[in-house]
Amino acid sequence: MFVPTRAAGLEALADFVPRAGSAYARQRNVDTGLPRTNVSSLSPYIRHRLVTEREVVAAVLEQHSLSAAEKFVQEVMWRTYWKGWLEQNPEVWRRYRRDVAALIDAGSADTPEYRDAVAGRTGIDALDAWAGELVETGYLHNHTRMWFASIWVFTLRLPWQLGADFFYRHLLDGDAASNTLSWRWVAGLQTVGKTYLATASNIARYTEGRFHPQGLATSAAALSEEPLPPRSPIPSAEPAPSGRRVGVLLHEEDLALDSLRREHSFLDDARVVSLAGYAEPGSRSPLGASEAVGAFTVGALADGLARAAHGAAAHAVGAGSPDAVVEWAAAEKVDTVVIPYAPVGPVAERTTALRAALHDLGIAFGTARRGWDALAWPHAQRGFFPFRTQIPQLLAQQGIPASPLR
Ligand SMILES: Cc1cc2nc3c(=O)[nH]c(=O)nc-3n(C[C@H](O)[C@H](O)[C@H](O)COP(=O)(O)OP(=O)(O)OC[C@H]3O[C@@H](n4cnc5c(N)ncnc54)[C@H](O)[C@@H]3O)c2cc1C
């Protein structure tokens, strides 16, 4: 269903753009099952930046006014919002990683209740079908993700972190910020005290009668947690120093080097002497990632590298350890390695070790952050609603013409 190339992402975008206006606003909450035409199914492409958020929004606003496409643009901005919020609250990610590891160590992913839930054997018709759909296709509709998470937490009373881990291991669009924070939102941790309760009537209505789940929880008391530390400043990007032999290392967070180059002169062709790619989909979880996620991620990386190299052979460093990357940098005699900025998540985690290993060899390290993120993230301090008011200004700053009416 999802081909891991930019060409396939652009094709899906072109196909969807005519439906991104009022049709999307009216119909987006319905999960029709396959084939889906009311939502874009673009998330696996956007998440790896085979197609960027900017491109998606610009293409939509070429055909629709901002008021007609407001809902769609807001959904794309949710993704940016979650990322900006997590950048400023990295403790949430650290705790999630720690909790998942501890729960797995303690055998919580080995109980009959957990095993039934992920194998689709709970007897709740909808949940069982969705678990199968997730494993088979690597995708679930947004409303379905909300229902699934709600039933997992409030009806099955399983740990939210293991539900998030199940999603993260199987979603082709699996994303540290959108996934973790959406699960927290359902559980009443993200907007403290506000939970999301899935009801049988809502599910029957928005699945067009495909499901009539029985025995769902009728109340949803918010989970609680230790208070979080205060928000921290967004880490600075590390602009690459004046290296003469720059090596660019692509990774699964951002595979659109051409547009990143247009924003950062230190990535221009004259100085970039070598390209490599390093993806490690298995680092999503102590239980690894599904085969489908592995294949999509590796395919997307190969596509990103081939485009970045403009057909020349780019050196694809296999997933494994930072050692292979260090060997590449040394063999290519680069004096600087630059990566697209990696937001909070597994890529940022492994970057820490890589930076230190390169430093030991006297190789400088830099990150290139997109204007899209740099402009929007600082606004992701409170809830989405104040963030949303910034959208027209952010689009203008990105040079995206957005007529209020057309
Ligand atoms: C429990 C839960 C877990 C989730 N996990 C992820 C995840 O791991 N990765 C992920 O990309 N999204 C996640 N989402 C958000 C959302 O469900 C998906 O982005 C969306 O369903 C993707 O389908 P689409 O491309 O057809 O969306 P469309 O409705 O066509 O939306 C267009 C684009 O907007 C963005 N978007 C839409 N809705 C959201 C949202 N609620 N939050 C953030 N971005 C959004 C996506 O990039 C999407 O491709 C999660 C939501 C929930 C409730």
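Given the structure is predicted, the values throughout are model-derived calculations rather than measurements. As the structure lists them, so they are numbered: ligands from 1, and atoms in each ligand from 1.
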| Cationic tip of R350 above Y278 ring, under 6.0 Å, 45° of axis | yes
| field | Those atoms of ligand 1 less than 4.0 Å from some heavy atom in I46 | value | 47 (O), 49 (O)
| request: Taking H141 for its side chain and V30 for its backbone only, find out whether a donor-acceptor pair lies under 3.5 Å. | output: yes
| request: Over 60° means perpendicular and under 30° means parallel, so classify the ring planes of W130 and W147, tilted if in between. | output: parallel
| said: Just checking R121: does its CZ atom have more than 12 heavy atoms from other residues, nucleotides or ligands closer to it than 6.0 angstrom? | reply: yes
| remark: If you scan protein heavy atoms around atom 42 (N) of ligand 1, the nearest is W82 NE1, 3.5 Å
| said: Classify the ring geometry of Y139 against F2: parallel below 30°, tilted from 30° to 60°, perpendicular beyond 60°. | reply: tilted
| said: Consider salt bridge (Lys or Arg N to Asp or Glu O under 4.0 Å). Of D173, D373, D175, which one does R49 pass it with? | reply: D373
| field | Of the listed options H141, H143, H170, E75, closest to atom 37 (C) of ligand 1 (non-hydrogen atoms) | value | E75
| task | Check ligand 1 against M146 and write out every atom of the ligand that is under 4.0 Å from a heavy-atom position of the residue. | result | 53 (C)
| Polar atom proximity, N179 to ligand 1 (N or O, under 3.5 Å) | yes
| field | Among A177, S182, S178, A20, closest by any non-hydrogen atom to atom 52 (C) of ligand 1 | value | S182
| task | Considering only non-hydrogen protein atoms, determine which one is nearest to atom 17 (O) of ligand 1 and report residue, atom name and distance to 0.1 Å. | result | N142 OD1, 2.7 Å
| task | Among all protein heavy atoms, pick out the one at the shortest distance from atom 8 (O) of ligand 1; state its residue, atom name and that distance to 0.1 Å. | result | D175 N, 3.0 Å
| query | Considering only the protein, which heavy-atom contact is closest to atom 9 (N) of ligand 1, and what is its distance? | reply | D173 O, 2.8 Å
| message | Among all the protein's non-hydrogen atoms, which is closest to atom 40 (C) of ligand 1, and how far away is it? | response | W78 CB, 4.0 Å
| message | Suppose I only count heavy atoms of L42 and a 4.0 Å limit; which atoms of ligand 1 are within that range? | response | 25 (O), 49 (O)
| task | Anything under 30° is parallel, anything over 60° is perpendicular, the rest tilted; go ahead and classify F167 against F148. | result | tilted
| field | Heavy-atom nearest neighbour of atom 29 (O) of ligand 1 within options Y24, F72, W147 | value | Y24
| Best match, F167, Y139, W183: closest heavy atom to atom 23 (O) of ligand 1 | Y139
| query | At what distance is the nearest protein heavy atom to atom 13 (C) of ligand 1, and which residue and atom is it? | reply | R145 NH1, 3.2 Å
| said: Hydrogens and angles aside, do D31 and T144 bring a side-chain donor and acceptor to less than 3.5 Å of each other? | reply: yes
| task | Quick one: list whatever passes ring-ring contact (aromatic ring centres under 6.0 Å, His included) with W93, sequence neighbours left out. | result | Y96
| message | Under 4.0 Å from a heavy atom of S41: which atoms of ligand 1 are those, numbered in the order shown and with their elements? | response | 24 (P), 25 (O), 26 (O)
| What are the atoms of ligand 1, with element, lying closer than 4.0 Å to any heavy atom of S43? | 22 (C), 23 (O), 25 (O), 49 (O)
| message | Quick test: of every protein heavy atom, which one is nearest to atom 30 (O) of ligand 1, and how far off is it to 0.1 Å? | response | S40 OG, 2.5 Å
| message | Against the six-membered ring of Y168, is R284 placed for a cation-pi contact (under 6.0 Å from the centre, within 45° of the normal)? | response | yes
| query | Near G174, which atoms of ligand 1 are under 4.0 Å from a heavy atom of that residue? | reply | 8 (O)
| Option passing side-chain hydrogen bond (donor to acceptor under 3.5 Å, both in side chains) with E87 (candidates W377, W82, Y341) | Y341
| message | Need the ligand 1 atom indices (1-based, order shown) with element for anything under 4.0 Å from a heavy-atom of V76. | response | 33 (C), 34 (O), 35 (C)
| said: Suppose we measure from atom 11 (O) of ligand 1 to each protein heavy atom; which comes out shortest, and what is that distance? | reply: R79 NH1, 3.2 Å
| message | Walk me through whether F385 and Y81 qualify under ring-ring contact (aromatic ring centres under 6.0 Å, His included). | response | CA-CA 10 Å; F385 295 98; Y81 167 77; 9.1 Å; no
